[in-house]
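Have a look at the structure below before the remarks.
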Protein chains: 2
Amino acid sequence: MKIKKKDAILNAATHLFSVKGFKDTHMAEISKLTGAAEGTIFYHFNNKEELFLTILNEFKESILNEFKKFTEENTFETGLSMTEEMISFYLHMAQSMEDRFLLLHRHDAYELSQTSEPCRQHLEAIYNCMVDMFENAIEQGKKDGSIGDISSRKVAMIIFGMVDGLLRFNTYGLYDAGTLFNELIYACRKILKNDR
Amino acid sequence: MKIKKKDAILNAATHLFSVKGFKDTHMAEISKLTGAAEGTIFYHFNNKEELFLTILNEFKESILNEFKKFTEENTFETGLSMTEEMISFYLHMAQSMEDRFLLLHRHDAYELSQTSEPCRQHLEAIYNCMVDMFENAIEQGKKDGSIGDISSRKVAMIIFGMVDGLLRFNTYGLYDAGTLFNELIYACRKILKNDR
DNA sequence: TAAAAAACTGACTGAGCGCTCAGTTAACAA
DNA sequence: TTGTTAACTGAGCGCTCAGTCAGTTTTTTA
């Protein structure tokens, strides 16, 4: 029964910020969901923005961690297969951390990052992490010959943009990304494959 | 000096909704920007939501129109080159209608579409229009042999997701999509090209 | 067990903002 | 010119909501 309230607040706020956005999430609602008084929220966090930033920071930490673990604990035959498996892993993560990925797909964080330097840094770290992973895989593929001679960074951005773009179709309820998985891997392979 | 106020309101609101989002756009601001009294805004539009929907509807009309004109006024050698040129055209449109594309990349419309049927229809029309264009081009490419045997609809979604995903990098200030243009076309060609 | 510190409470505040309405001005028709 | 309608105005109402604060409860420390 210790420090529980603070964690409960973080959990509820994460969910609400993701589903309803920053502006539409009200302290009264977090209070009701957690049983903590509104005053308690402001006891732990100076203001709404600080609460949001705390959540973003924790998300950054855990996503960087997960990706690090993924590359450390796995070995890959070729750079190409590594890239493909990273797409799967990314989609898997997006599913298991659904609410926080939704947060990333909202405008809230990007707006905040214009006035808050720490916010900008968290966002940058998250995106850099993901693009870096793809870039490394492509770089490796170029060395082992499974991937052709292309600009690693730029194509990494293209691949990441493609995967993330599809994820948004899901988020917005426009299409079920799951049914596009095979085509996604197919497209990735086509782009990267060394065809000499 | 006729009906000007209404148009001024629509223009100012389009810009503000795009840049600041639905919630963060206040009637007082639209009023100040246009010189129209707040009451005037509510004289022309019953409420804020109706103002937003009017803008979304006009956007739908003009984008459907532009794409129709594009396919009618151009002829293409192959389905593959048609697809490539459509990507260019899409990026070109995103530039010339920058604010309204920003509107599309926000959550506002998707949130509204959950309670407003007309809003849902507008969004669906816009996205269908774009994916349909790509699908047609791919279909044509399959017939003329420039594109391999793939699922037109699904790959159209992938291509669209890829292009739109890159556009977001721009929007969010994460990367300059312009420098990725060559890679984008390269990726598209790789995915589609008939390699039999 | 007493004192101090930390955690928590909820009624209250004040600013913000969508929207109304009673009235004024401009445009047009007879 | 007069009557009628459409366009326009802005003070103000009612409500929402982030944040405060004086006080209570729980935990820790000595």
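In what follows, chains are A, B, ... by sequence order, proteins preceding strands, each numbered from 1. On a predicted model such as this, the values are computed, not experimentally measured, just so you know. Reckoned from all heavy atoms, side chains included, excluding hydrogens, waters and symmetry mates.
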- Message: OP1 or OP2 of D/dT9 versus the side-chain N and O atoms of B/K5: is any pair under 4.0 Å?
- Response: yes
- Query: Between B/F17 and B/F22, what is the ring plane arrangement, given parallel below 30°, perpendicular above 60°, and tilted in between?
  - Reply: parallel
- Mind calculating the distance between CG (B/L16) and C1' (C/dG18) to the nearest angstrom? 16 Å
- Message: For the backbone of A/L16 and the side chain of A/T25, can you confirm whether one donor and one acceptor N or O come within less than 3.5 Å of each other?
- Response: yes
- Message: On DNA chain C, does the nearest nucleotide to A/E38 precede the nearest nucleotide to A/K23 from the 5' side, or the other way round? Give the residue.
- Response: A/E38
- Task: Using the ring of A/Y186 (Phe, Tyr or Trp, six-membered ring only), decide whether B/K154 places NZ or CZ under 6.0 Å from its centre and within 45 degrees of its axis.
- Result: no
- Rounded to whole angstrom units, what separation is found between the CD1 atom of A/I30 and the P atom of C/dT9? 14 Å
- Of the candidates D/dA18, D/dC8, C/dG18, the side chain of B/H44 sits closest to D/dC8
- Message: Take a 6.0 Å sphere around CD of B/E117 and say whether it holds more than 12 heavy atoms from other residues, nucleotides or ligands.
- Response: yes
- Item | Rounded distance in Å - CZ (A/F22) to C1' (D/dA18) | 10 Å
- Where the side chain of A/A37 is concerned, which of C/dA7, C/dG18, C/dT9 is the nearest nucleotide? C/dT9
- Message: Measuring from the side chain of B/F42 (C-beta onward, heavy atoms only), which nucleotide among D/dT9, C/dC17, C/dT20 has the closest atom?
- Response: C/dT20
- Item | Separation of atom CZ in A/F52 from atom C1' in D/dG19, rounded to whole Å | 19 Å
- Task: Any pair with a residue in residues 45-59 of chain A that passes salt bridge (Lys or Arg N to Asp or Glu O under 4.0 Å), sequence neighbours left out, goes on the list, sorted by first then second residue, please.
- Result: none
- Message: Please report the distance, rounded to the nearest Å, between CZ in A/F45 and P in C/dA7.
- Response: 12 Å
- Task: Would you please confirm or rule out a distance under 4.0 Å between OP1 or OP2 of C/dT9 and any side-chain N or O of A/T40?
- Result: yes
- Task: Whole angstrom is fine here: how far is it from NZ in B/K32 over to P in C/dG18?
- Result: 14 Å
- Query: Which listed nucleotide (C/dT9, D/dG19, D/dA18) is nearest to the side chain of A/N47?
  - Reply: D/dG19
- Base, sugar-phosphate, or nothing for B/T34, non-hydrogen atoms under 4.0 angstrom? nothing
- Quick one: which of C/dC8, D/dC8, D/dG19 gets closest to the side chain of A/K48? D/dG19
- Can you tell me if the side-chain N/O atoms of B/Y43 get under 4.0 Å from OP1 or OP2 in D/dA7? yes
- Task: Mind calculating the distance between CE (B/M27) and C1' (D/dT9) to the nearest angstrom?
- Result: 15 Å
- Message: Looking at A/H26, I'd like to know whether one of its side-chain N or O atoms comes within less than 4.0 Å of OP1 or OP2 on D/dA18.
- Response: yes
- Message: Output the rounded distance in Å from CD1 (A/I41) to C1' (D/dT20).
- Response: 14 Å
